[in-house]
Amino acid sequence: MILALQSRLADALRTAARDAFGVELGAVGFQYPPDAAMGDLASNAAMALARSQRKNPKEIAAALAERMAKVPGVTRAEVAGAGFLNLFLDRGAAVRTLADGLQDPMPQPPRVPGHAIVEHTSINPNKAAHVGHLRNAILGDTFVRILRARGHDVGVQNYIDDTGVQVADVVVGFLHIENKSQAEVAAIPGKFDHYCWDLYARVGDFYAAAPENKAKQAEVLHAIEAGGNEIASLAEHVASRIVACHLETMARLGIRYELLAHESDILRLHFWNRAFALLKDAEAIRLVTEGKQNGCWVLGMGKADDDAPGSGRRSPGDEAQRPEGRDSLPARAAVDEDKILVRSNGTVTYTGKDIAYQLWKLGRLDRDFRYRLYRAEPDGHRVWQTTSGETDPQAPRFGNARDVYNVIDVGQSYPQRVVKAGVAALGYEREAAGTHHLAYEKVVLSPETARALGYDVAEDGGVVKVSGRKGLGVKADDLVDALEKKALAEIATRDPERDKAQSERTAREIAVGALRYFMLRYGRTRILTFDLEEALAFTGETGPYIQNAIVRARNIFTKLEAEGHAVDVLLARARALDLGALLDGEEGAEIWALALLMARSEEVAEAAVAAEEPSIVARHAFTVAQAFHGYYQKPKYSLLHAESEDRRALRVLVVDAFVRQMSALAGLLGIPVPERM
RNA sequence: GCGCCCGUAGCUCAACUGGAUAGAGCGUCGGCCUCCGGAGCCGAAGGUUGCAGGUUCGAGCCCUGCCGGGCGCACCA
């Protein structure tokens, strides 16, 4: 609601500026004054105009205020501070608009043209998922939810590197440490990914023990790449079984995918050959004939002095037109700037393959995967996987995206920049601009948590890096288990009568809410110090706080009904009220502030998309819940003991609006709302 | 050496991308259940925004130089 209003007011402001000064305002944005008493919306347009108009900002603001005061929906316009233009809205009209839109708290905006792909999770299929992987998946999944709410058509892909060294390492473990056959591996009971977690850690020691052990790695890797042998078959078994484990772990958190894209299919369908040809034809890459990189095909990585390479200024085949003199600058050899895509032995690097994959995502590879159904879920959701065998004619179309969001840790920034540069070097400017790296920082363990897990911590008590290679870290499943157990214990003390099945279900919902909020509350470029105590907290700025706000609000309605007050009758009464009169006074001011805050959800979601930052929505959700708790807690605003039916109706309107808005926000964050807590 | 991220209350983090009195949670201290659910609410203490300059009506945010921490810059994946 606030977005529509803002855009109407922005138009009015543009008109006012035109009338008064004959100037066109650029982008008009509104801020929110620090104190509600100062106004509902603020514009700093006057201060921006001060320079060009050579006038005092206050004078300009006064001229604008005079015109804005006459705009419908605005009751007052004031000049404040250094030249802010503060607008007071017609509360009755605004709240009524909000009330009318109640049926749909977060209306679906017009559909954004083009398809978007979000790739996330993408865990090496050789061990259990840990907290770092959770950050990736929760970040990606939440971003998908937000994009969809803002009208984007989004497909979710999970990349499976089933032919890499990490899988090979575990296979080495099975073959040369445990001497197991594939049948014996298949017979391993229990959580297979947890089993491999431990085995993988042992492989590191195995390699360190003797050089001939390390040689097994290359042996196994080659067998896997060649395919059609027992080792490759074992690798396939390991990878597919672990992928199933990962999907199960993620499903516990409400995370799922449309497509599982396999590295092995990229190899077997020769995506790189195609990309290589395209790059050569466009002269986007060149063969080095001397020096250190002799015999390699490289992609020029000219240091862009603006944001990202290929963001618009370079055109294809631009390599020959680099600024003259750069190569002649002392101590700046071209080789330092170029990225090898094909080694002198003719094999392709990881980054090279990634360019091919990215081109496919963008619909510019001119080659496609084949697809088969991986799983159809009870609710009808279908998970597909790539294959190099027969394709299923029922399969939907994947790829051809206008925007691709790769959720990958920040350590991969350089290779991701190379991928973007590769796309740009082919002349695909728009596609390069649509290539987004949703980078996030790593997760480390706090010294206390590391100690609690039995790891050695240096005396100075620094943080401990999570390391799959060393088996160091917190497994995702173990964390969710711990959260569920704690929630269950909490429920048992609060509501001992509750039956077991319902308690367990609620415990699961609380665990998911707590974990998802914990992973989302920090900005993604910040290193997340994982502390078990904090992650297990259910009070304060947490998911359960948000859940509790909704549960309590809904509970009021149950109570009202039980006392003989029909909620729908009260809601109907509320619609006929003279809101303008009721919204004066102390309670009116509180309701108004709450309404204005709730109305911002769309705006906040849009900001999260623009900034590619889900934490913005998470924090907003907490702020709204907090504002509601503050209002609701006051006995004088009781619904059961209201001083008049009109007051009761007004409060029902507020609580109903809150439940709907807050539920919508929880949905954006993937935080489930329990029936009871 | 070059590039990126981070430095804000005792701790963990915000600050709507240059706006008004820098805000939350945790922790500490003090209040609130004859009053719709206390996983809650109200209040207090706690800040030279790493340091020094600069830009302008205005800087936690932009520029320059330092200091401190982390990560990249592979013919590894």
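Below, chain A is the first sequence line, B the second, and so on; all start at residue 1. Because the structure is predicted, anything quoted here is derived from the model rather than measured. All values below were derived from every heavy atom in this structure, side-chain atoms included, with hydrogens, water molecules and symmetry-related copies excluded.
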### Within the 6.0 Å centroid threshold, strictly below: A:Y637 and A:Y632
no

### Query
Would you write out the dot-bracket form of RNA chain B, 5' to 3', with Watson-Crick and G-U pairs under 3.5 Å, [ ] for crossing pairs, | for pairs to other strands and . for unpaired bases?
(((((.(..((((.....[...)))).(((((.......))))).....(((((..]....)))))).)))))....

### Query
Looking only at atom C1', what distance separates B:U28 and B:G19, rounded to whole Å?
34 Å

### Query
According to a strict under-4.0 Å criterion, is A:R469 in side-chain N/O contact with OP1 or OP2 of B:C76?
no

### Message
Both A:P635 and A:P57 contact RNA chain B. Which one's nearest nucleotide lies toward the 5' end?
### Response
A:P635

### B:G65 to B:C29 separation - C1' atoms, rounded to the nearest Å
44 Å

### Message
Centre-to-centre under 6.0 Å for A:Y357 and A:Y159, is that the case here?
### Response
yes

Got a list of protein N/O to nucleotides 17-23 of chain B N/O distances below 3.5 Å?
{"residue": "B:G19", "atom": "N7", "partner": "A:N44", "partner atom": "ND2", "Å": "2.9"}
{"residue": "B:A20", "atom": "N6", "partner": "A:N86", "partner atom": "OD1", "Å": "3.1"}
{"residue": "B:A20", "atom": "N1", "partner": "A:N86", "partner atom": "OD1", "Å": "3.4"}
{"residue": "B:A20", "atom": "N1", "partner": "A:N86", "partner atom": "ND2", "Å": "3.2"}

### Query
With a 4.0 Å cut-off, would you call A:E643 and A:R651 a salt bridge?
yes

### Query
Any salt bridge (charged side-chain N to carboxylate O under 4.0 Å, His left out) pairs touching residues 611-627 of chain A, not counting sequence neighbours?
A:E541-A:R619

### Query
Salt bridge between A:R150 and A:E606, side-chain N to carboxylate O under 4.0 Å?
yes

#### Entry: salt bridge (Lys or Arg N to Asp or Glu O under 4.0 Å) involving A:R676 - partner list, sequence neighbours excluded
A:D495

#### Entry: side-chain N/O A:R417 vs B:C73 OP1/OP2, d < 4.0 Å
no

### Span that lies between the C1' atom of B:G25 and that of B:C63, in whole angstrom
34 Å

### Message
Under 4.0 Å from OP1 or OP2 of B:G7: is there any side-chain N or O of A:R526 that close?
### Response
yes

### Message
On the side chain of A:T349, is there an atom forming a donor-acceptor pair with the base of B:C75 - under 3.5 Å, no angle test?
### Response
no

### Task
Tell me whether A:Y522 is stacked on the nucleobase of B:U12, counting only the six-membered base ring and applying the 5.5 Å and 30° thresholds.
no

### Task
Please check the phosphate of B:C76 (OP1 and OP2 only) for any side-chain N or O of A:R343 closer than 4.0 Å.
yes

Can I get a per-line list of side-chain donor-acceptor pairs under 3.5 Å for residues 29-39 of chain A, giving both atom names and the distance, sequence neighbours left out?
{"residue": "A:Y32", "atom": "OH", "partner": "A:Q6", "partner atom": "NE2", "Å": "2.8"}
{"residue": "A:Y32", "atom": "OH", "partner": "A:E603", "partner atom": "OE1", "Å": "2.6"}
{"residue": "A:D35", "atom": "OD1", "partner": "A:A37", "partner atom": "N", "Å": "3.0"}

### Task
Could you tell me whether the phosphate oxygens of B:C6, OP1 or OP2, come under 4.0 Å of any side-chain nitrogen or oxygen in A:T525?
yes

### Task
Name the orientation class of the two ring planes belonging to A:F518 and A:F530 (parallel below 30°, tilted from 30 to 60°, perpendicular beyond 60°).
perpendicular

### Most 5' of A:T351 and A:S638 on RNA chain B, judged by nearest nucleotide
A:S638

### Message
List the residues meeting salt bridge (Lys or Arg N to Asp or Glu O under 4.0 Å) with A:K485, not counting sequence neighbours, and say none if there are none.
### Response
none

